[in-house]
Number of protein chains: 2
Amino acid sequence: MQQDSADHSFTGACAHRMRAIDDTLDILSGKWKLAIIARLCHQPMRYSALLRDVTGISGKVLSRELQDLETNGLIVRHVATSKPLTVTYSLSETGRSLTTLTDSLAEWGLAHRARMMQAGN
Amino acid sequence: MQQDSADHSFTGACAHRMRAIDDTLDILSGKWKLAIIARLCHQPMRYSALLRDVTGISGKVLSRELQDLETNGLIVRHVATSKPLTVTYSLSETGRSLTTLTDSLAEWGLAHRARMMQAGN
DNA sequence: CTGGATCCCCGATGATACTG
DNA sequence: CAGTATCATCGGGGATCCAG
């Protein structure tokens, strides 16, 4: 990794870090993935429960997002073939490892709101 | 906070937490915001540098994202009225407080890649 | 160099209806 | 209940050109 041309570009470990961040953002792309995961942090939830609690999401999009998350191994889909058909989603081990992230998210959201308050808005 | 109707919905502190997360996700919406912030964590950068380093972003979108971030007070725009006009972006205090988040992102990306490796893919 | 304005297109999203 | 299929719509995002 020579310094090649210009002022500041990311090289070596730093570029690696950026790639890692991009990877993560790619997997968690869209506005819903983390919102869904945050809900599942606390307890497994059914499709309809998610539809209720993830504010603003539509059924189709929820389906897609859940499929994406399952494909990436972040959540597990449990199907109970009872009469009215019950599907429950829960975090996989991998998904659970995102708790750090959702914690950061929640923490920052709170802090940010506090900042906005005292800023006079 | 009574338990109101059904099985599991989020109430009280938990709902608050969810709202905080949603707020954060809203401010950081889009695939680029966090990628940009991650770059600026290390040093202030110029428009052209960001255009080079944020892989895949186009000029127009970069402009928009930077404006959004500035509006939300996450970054600061420095204009040097030299002859060829130089604009530098850096994190504000608020923006710097997102470092925790980008750290989590990077960390998780690395860990996730490691998991994928050992999973056999 | 920065970045706004314009044109254009594809893919994401919502509503509705239908299946298992 | 848990989705899927279809259709119409909308806006994000790329390319290019131009202005400060």
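Labels below follow one simple rule: chain letters A, B, ... track the order of the sequence lines, proteins then strands, and each chain is numbered from 1. Scope of the values below: all heavy atoms of this structure, side chains included, with no hydrogens, waters or symmetry mates.
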- Verify salt bridge (charged side-chain N to carboxylate O under 4.0 Å, His left out) between A:D22 and B:R39, making sure each step is shown before the conclusion. CA-CA 11 Å; A:D22 289 347; B:R39 264 73 179 188; 3.1 Å; yes

- Message: B:H42 vs A:F10, test: ring pair (Phe, Tyr, Trp, His ring centres under 6.0 Å). Steps then yes/no.
- Response: CA-CA 10 Å; B:H42 300 286; A:F10 296 106; 5.7 Å; yes

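Counting to the nearest Å, the P atom of C:dT2 and the CD atom of B:E65 are 18 Å from each other. Spacing between atom CG of A:D68 and atom P of C:dT13 amounts to 10 Å, rounded to whole angstrom units. The interatomic distance linking A:Q67 (CD) with D:dA2 (C1') rounds to 11 Å, in whole Å. Rounded to an integer number of Å, the gap from B:M45 CE to C:dC1 C1' is 15 Å. The interatomic distance linking A:Y47 (OH) with D:dA2 (C1') rounds to 7 Å, in whole Å. Going from atom CD1 of B:I57 over to atom P of C:dT2 covers 14 Å, rounded to whole Å. Rounded to whole Å, atom P of C:dT13 lies 15 Å from atom CG of A:L51. Remark: C1' of C:dA12 and NZ of A:K31 are 11 Å apart, rounded to the nearest angstrom.
Comparing D:dT4, C:dG14, C:dC1 by their nearest atom to the side chain of A:S58 picks out C:dG14.
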For nucleotides 6-12 of chain D, list the nitrogen or oxygen atoms of the protein found under 3.5 Å from its nitrogen or oxygen atoms, one pair per line.
none

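Partner B:I75 forms a side chain to side chain contact (heavy atoms under 4.5 Å, CB included) with one of B:D68, B:L69, B:T94 and no other, that one being B:L69.
Regarding contacts with the backbone of C:dC1, every side-chain N or O of B:S48 stays at 4.0 angstrom or more from both OP1 and OP2. Regarding contacts with the backbone of C:dC1, every side-chain N or O of B:R46 stays at 4.0 angstrom or more from both OP1 and OP2. Within the structure, every side-chain polar atom (N or O) of B:R77 is placed at least 4.0 Å from both OP1 and OP2 of C:dT2. Distances shorter than 4.0 Å separate none of the side-chain N or O atoms of A:T86 from OP1 or OP2 on D:dA2.
Looking at which nucleotide of DNA chain C each of A:L85 and A:W32 is closest to, the 5′-most match is held by A:W32.
Heavy-atom neighbours of A:H78 NE2 from other residues, nucleotides or ligands within 6.0 Å: above the threshold of 12. Remark: A:E70 CD is packed, more than 12 non-hydrogen atoms of other residues, nucleotides or ligands lying under 6.0 Å away.
Considering only heavy atoms from C-beta on, B:L74 comes within 4.5 Å of B:L28 through its side chain.
Checked by atom type, the side-chain pair B:W108/A:S97 shows a donor-acceptor distance below 3.5 Å.
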